[in-house]
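Throughout, a chain's letter reflects where its sequence line sits, starting with A, and its residues are numbered from 1.
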Amino acid sequence: MNRRRNNTAVAKLQDALLRFYREQGRDLPWRRTRDPYAIWVSEVMLQQTRVETAVPRFAGFLRRFPSVRALASARERAVCEAWAGLGYYRRARNLYRAARLMVQELAGRMPGDEAALRRLPGIGAYTAAAVASIAFGERTAAVDGNVVRVLARVFALPGRASAPGLVRTVRAQAQLLVDCGQPGDVNQALMDVGATVCRREAPLCPSCPLGRWCRARREGNPTAYPGRKAKLARPILRIAFAWCQRGPALLLERRPLEGLWPGLWELPSASGPRAKHELGRRLGQAAGPRLARVAHELTHRHVVASVYRATTARRPGQKWWRDPLAAPLSSLARKAIVAVTGDSDR
DNA sequence: CAATCGTGGCT
DNA sequence: TAGCCAAGATT
């Protein structure tokens, strides 16, 4: 057996990750440098920010502030201006503060290990590990949202993405994986897999370098990991709509200006557990047979609406519409009308 | 643990 | 379409 790389599951995962990174890793500007300062800047830019957003701003920022000293001798205002469009301006101010600390206490040099990096403003657990591993080859796991998702799936780990227990377990697993000759590449490989293959929605499992060992994939439910915040049970809102047709025209009613769907038009309606009964009372006649039933999701309610045939005269606030789908309808009313007519134009 | 901080893209 | 969320850190 090979002494350098024993034949464990960890070694297989490492090989798969490094191979993926070599062959399919993204070509990003900060991967073309070994300058710790540039790598630090890129990591801060990437905090809660999409790669596509950071890429076009990276070179410009470095051109303007090419080194720790250049950054430290700038004005804070200038740094924030160069940060424009990236958001979270506290990151720019912390970057600046950290650069000044490096000049004052470290002769303008970047701290060379994770622990020292971690003490600087704006450098948390993730960024410290990322810079230490990528720029200095330190064997430490950089656990970001991607890594949590990827390893939660590979090992079918329970818990929400923000749960400290899950993050701790992921970090322990990731730590085993980075314990090799190219820790920075393993960290970035995990992030690349997360960003391009093991996506939050619609993961591309057949193309995944870790697919052979992935428990979530074997279970057939990769998107179940990491767990999501339990959606609070949404109460059911029952609505009864009246379908009053006269020739080609349909009777619609405008909703009040406050509350749900303010000012929009819909079929004459009633709501509540006995919505149909209530609708009959409003119409002055019992509602007829059900023509359709549609479901609709709101943020805090699950709506079930039934459409009943009815005949009635126009009342205040109501209007006959020859082309009801042209009315400013609530999305639910539109859905209900389409369900009855089978017409999905417009 | 939860709120806050920004912007842009996606559904 | 309006809400959700992304290479997190800080309080």
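- The separation of C/dC5 from B/dA3, taken at their P atoms, amounts to 14 Å, rounded to a whole angstrom.
- Straight-line distance from the CZ atom of A/R90 to the P atom of B/dC5: 9 Å, rounded to whole Å.
- A/V197 and A/L18 fall within a single hydrophobic cluster, where Ile, Leu, Val, Met, Phe, Trp and Tyr are joined by side-chain heavy atoms under 4.5 Å apart, directly or via other members.
- Distance A/R149 CZ to C/dC5 P: 12 Å, rounded to the nearest Å.
- Taking a 4.5 Å side-chain heavy-atom cut-off between Ile, Leu, Val, Met, Phe, Trp and Tyr, the cluster of A/L279 extends to A/L283, A/Y308.
- C/dA9 atom P lies 12 Å from atom OH of A/Y88, rounded to whole Å.
- Taking atom CD on A/E81 and atom P on B/dG6, their separation rounds to 16 Å, with Å as the unit.
- Counting any heavy atom pair closer than 4.0 Å across all strands shown, A/W83 reaches no nucleic acid atom.
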Can you tabulate the close N/O pairs, meaning under 3.5 Å, that link protein atoms to atoms of nucleotides 8-11 of chain B?
none

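- Residues A/M191 and A/I123 each lie close to DNA chain C; by heavy-atom proximity, the contact nearer the 5' end of the strand is made by A/M191.
- Scanning atom types as modelled, one donor and one acceptor separated by under 3.5 angstrom connect the side chain of A/T49 and the base of B/dG6.
- An OP1 or OP2 oxygen of C/dA6 is reached within less than 4.0 angstrom by no side-chain nitrogen or oxygen of A/Q48.
- When heavy atoms are screened at a 4.0 angstrom cut-off, A/A125 is found touching the sugar-phosphate backbone but no base atom.
- Taking atom P in both C/dT1 and B/dT7, the straight-line distance is 22 Å, to the nearest Å.
- Put simply, CG on A/N94 is 15 Å from P on B/dC5, counting in whole angstrom units.
- In the model, A/T127 has a side-chain atom that pairs as donor or acceptor with a side-chain atom of A/Q47 under 3.5 Å.
- The gap from the P atom of C/dA2 to that of B/dG6 amounts to 24 Å, rounded to the nearest Å.
- Of the candidate nucleotides C/dA6, C/dA9, C/dT10, C/dT10 has the atom nearest to the side chain of A/R118.
- Side-chain contact, A/R97 with A/N94: a donor N or O sits under 3.5 Å from an acceptor N or O.
- A/Y96 and A/R100 share a donor-acceptor pair across their side chains, judged by distance under 3.5 Å alone.
- Nearest nucleotide to the side chain of A/R200, out of C/dA6, C/dG8, B/dG6: C/dA6.
- Mapping A/P164 and A/Q47 onto DNA chain B by nearest heavy atom places A/P164 at the nucleotide closer to the 5' end.
- Sorted by first and then second residue, the ring-ring contact (aromatic ring centres under 6.0 Å, His included) pairs involving residues 321-340 of chain A (not counting sequence neighbours) are A/W265-A/W321.
- Put simply, CG on A/L117 and CZ on A/F136 are 6.0 Å apart, with the number rounded to the nearest 0.5 Å.
- Within the 4.0 angstrom heavy-atom criterion, no nucleotide atom of any strand lies near A/I39.
- Using a 4.0 Å heavy-atom distance criterion, A/L86 is classed as a base contact.
- Using a 4.0 Å heavy-atom criterion, one finds that A/R119 contacts no nucleic acid atom at all.
- Counting to the nearest Å, the P atom of C/dA9 and the CZ atom of A/R97 are 15 Å from each other.
- Considering A/R22, A/R19, A/R26 as possible partners of A/D192, the one that fulfils the salt bridge (Lys or Arg N to Asp or Glu O under 4.0 Å) test is A/R26.
- With C/dA6, B/dG6, C/dA9 as the choices, the nucleotide that has an atom nearest any side-chain atom of A/Y89 turns out to be B/dG6.
- Atom-to-atom, CZ of A/R91 to P of C/dA6 comes out at 14 Å; the value is rounded to the nearest Å.
- Atom CG in A/L329 sits 8.0 Å away from atom CG in A/L264 (nearest 0.5 Å).
- Remark: P of C/dC5 and CZ of A/R199 are 17 Å apart, rounded to the nearest angstrom.
- Residue whose closest nucleotide on DNA chain C sits further toward the 5' end, between A/N187 and A/G122: A/N187.
- The side chain of A/T127 contributes an N or O atom lying less than 4.0 Å from OP1 or OP2 of C/dA9.
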